[in-house]
Amino acid sequence: KYLGFQSQLSFSYNNNRTDLNFIDALFNQKVISRKQFSFSKVEIENKGTLYLGELQKNITEKKFKYSCEVNKKHSSWGCDIQDITIGETKIPLNEYASFSVELSSIISTSSFFNSLYDNLFKQYIVESKCKLEENDSKFRYYYCDCDSVEEGFPTFFFSFGEMIIPIEGKELFNKLSRYCFFNIKTYNSQQNEWIIGLSIIKKYITQFDYDKGTITFYSDKPLPNINNSQNIILLLIYVIDSILCFGVIMVIIYTLKTKY
């Protein structure tokens, strides 16, 4: 629904699985072996790669895998956000979030956006470092003097059940001239659901699986919570590789010192 391909190709998630879409057509014609599609990390000029079908192992090997279950009460690709932690403050939510690759920012619920004043922006506004814009557009959003937020702005931790995704404070701002615009905004009208844009998706390889009903993130490094055996094994491999590399370097240095 929010993936942005409705006008050309349908990648929508139908929780009843009664309407065929583009992925179904490819699967039925045996062009792909799994009903999946994925996006690569977006690193240059907001451009990424769309993969149809199962991801090749060389793309996902030695990466940490985290998944959330699609909320089947909704006919869109999305999961429930349990809570968001800002610095040391945890804000309980239990709200629904769709994922969009066409949206650069994050659209929050009105209730969460309202809580940002007391939990984050109050001091910045008192010190005249940030302002709230809510009259001249369909969105309500904060913007700040860039010098005020580039250092010391807290990290956000988005909790999708067992999957926690961190976003550094500086990554939540878009710089335009001397001002930095906060990437979490809400509509002026009442907004009851989240829409998660590229602020989160672009950091990972993101896989959408129709049959399993899951959205999976492949990360180059472990996310804050590691609670399954696959990720623990990968972490051990990373640690062992680092120790071995350090050992080889020390042997080379010792050999060179002995020789010369």
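Only a predicted model underlies this, so the values are computations on that prediction, with no experimental measurement involved.
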| query | Can a salt bridge be assigned to the pair Lys63 and Asp220 using a cut-off of 4.0 Å between side-chain N and carboxylate O? | reply | yes
| query | Under 6.0 Å between the ring centres of Tyr143 and Phe181? | reply | yes
| said: For a side chain to side chain donor-acceptor pair (under 3.5 Å) check, start with the C-alpha distance between Ser105 and Asn183, then their side-chain angles and the critical distance, and finish with the verdict. | reply: CA-CA 5 Å; Ser105 58; Asn183 244 341; 4.6 Å; no
| query | Can you hop from Ile196 to Leu198 via hydrophobic side chains spaced under 4.5 Å? | reply | yes
| Heavy atoms from other residues, nucleotides or ligands near NZ of Lys170 exceed 12 (cutoff 6.0 Å) | no
| task | Go through the side-chain N and O atoms of Thr214 and Ser67 and say whether any donor and acceptor fall under 3.5 Å apart. | result | no
| message | For the backbone of Thr49 and the side chain of Ser40, can you confirm whether one donor and one acceptor N or O come within less than 3.5 Å of each other? | response | yes
| said: When you group the ILVMFWY residues by side-chain heavy-atom contacts below 4.5 Å and let the links chain together, are Phe156 and Phe160 in the same group? | reply: yes
| task | Please state whether the sulfur gamma atoms of Cys144 and Cys180 sit closer than 2.5 Å to each other. | result | no
| said: To the closest 0.5 Å, what do you measure between CG (Leu93) and CD1 (Ile81)? | reply: 6.5 Å
| Atom pair OG (Ser108) and CD1 (Ile84), whose distance is rounded to the nearest 0.5 Å | 8.0 Å
| query | Mind checking whether Leu26 and Tyr51 sit in one hydrophobic cluster, side chains of I, L, V, M, F, W, Y counted as touching below 4.5 Å? | reply | no
| field | Cationic N near anionic O, under 4.0 Å, Lys212 to Glu69 | value | no
| Are the side chains of Ile106 and Ile200 in touch, meaning some heavy atoms are under 4.5 Å apart? | yes
| request: Determine whether Leu50 and Ile23 fall in the same hydrophobic cluster, where Ile, Leu, Val, Met, Phe, Trp and Tyr are linked whenever their side-chain heavy atoms lie under 4.5 Å apart. | output: yes
| request: Would you please indicate if the ring centroids of Tyr179 and Tyr142 are separated by under 6.0 Å? | output: no
| Centroid separation Phe182 to Tyr141 less than 6.0 Å | no
| said: Run the side-chain contact (heavy atoms from CB on, under 4.5 Å) test on Thr60 and Lys65 for me, step by step, so that the C-alpha distance in whole Å, both residues' side-chain angles and the decisive distance to 0.1 Å come before the verdict. | reply: CA-CA 8 Å; Thr60 59; Lys65 178 180 177 181; over 6 Å; no
| said: Restricting to non-hydrogen atoms, name the atom on Ser104 and the atom on Ser199 that form the minimum distance, rounded to 0.1 Å. | reply: O-OG, 2.8 Å
| Salt bridge present between Arg34 and Asp211 (N-O < 4.0 angstrom) | no
| Distance-only, no hydrogens or angles: does the Asp80 side chain make a donor-acceptor pair with backbone N or O of Gln82 under 3.5 Å? | no
Using distance only, find each side-chain donor-acceptor pair of residues 112-123 under 3.5 Å and give its atom names and separation, not counting sequence neighbours.
from, atom 1, to, atom 2, distance (Å)
Asn114, OD1, Arg140, NH1, 3.1
Asn114, OD1, Arg140, NH2, 3.0
Asn114, ND2, Ser110, O, 3.1
Ser115, OG, Phe112, O, 2.6
Asn119, ND2, Ser115, O, 3.0
Gln123, NE2, Glu127, OE2, 2.6

| query | Any side-chain heavy-atom pair from Glu54 and Ile32 closer than 4.5 angstrom? | reply | no
| note | Rounding to 0.5 Å, atoms CD1 (Ile165) and OG (Ser219) come to a distance of 9.0 Å
| What distance separates Thr186 OG1 from Ile195 CD1, expressed to the nearest 0.5 Å? | 9.5 Å
| message | Side chains of Ser111 and Glu95: any donor to acceptor distance under 3.5 Å? | response | yes
| request: Evaluate side-chain contact (heavy atoms from CB on, under 4.5 Å) for Tyr187 paired with Phe139, printing each intermediate quantity in order. | output: CA-CA 4 Å; Tyr187 289 108; Phe139 292 111; 3.3 Å; yes
| said: Test ring-ring contact (aromatic ring centres under 6.0 Å, His included) on Phe217 and Tyr66; report intermediate values, then the result. | reply: CA-CA 5 Å; Phe217 294 87; Tyr66 301 88; 8.8 Å; no
| For the atom pair CD1 (Ile215) and CG (Asp209), what is the distance rounded to the nearest 0.5 Å? | 10.5 Å
| request: Could you check Phe158 against Ile167 for side-chain contact (heavy atoms from CB on, under 4.5 Å), going step by step and ending with a plain yes or no? | output: CA-CA 8 Å; Phe158 291 76; Ile167 304 291; 3.9 Å; yes
| message | Applying a strict under-4.5 Å side-chain criterion to I, L, V, M, F, W and Y, I'd like to know whether Ile205 and Leu52 cluster together. | response | no
| message | Measuring from atom CZ of Phe37 to atom CG of Leu55, what distance do you get when rounded to the nearest 0.5 angstrom? | response | 11.5 Å
| Output field: ring centroids Trp77/Phe99 closer than 6.0 Å | no
| request: Kindly determine whether Phe153 and Tyr124 satisfy ring-ring contact (aromatic ring centres under 6.0 Å, His included), including the steps that lead there. | output: CA-CA 10 Å; Phe153 205 82; Tyr124 287 95; 5.6 Å; yes
| field | Test side-chain contact (heavy atoms from CB on, under 4.5 Å) applied to Tyr96 and Cys79, step by step | value | CA-CA 6 Å; Tyr96 178 71; Cys79 304; over 6 Å; no
| Where do Tyr218 and Thr206 land on the side chain to side chain donor-acceptor pair (under 3.5 Å) test, with the steps shown first? | CA-CA 6 Å; Tyr218 291 92; Thr206 311; over 6 Å; no
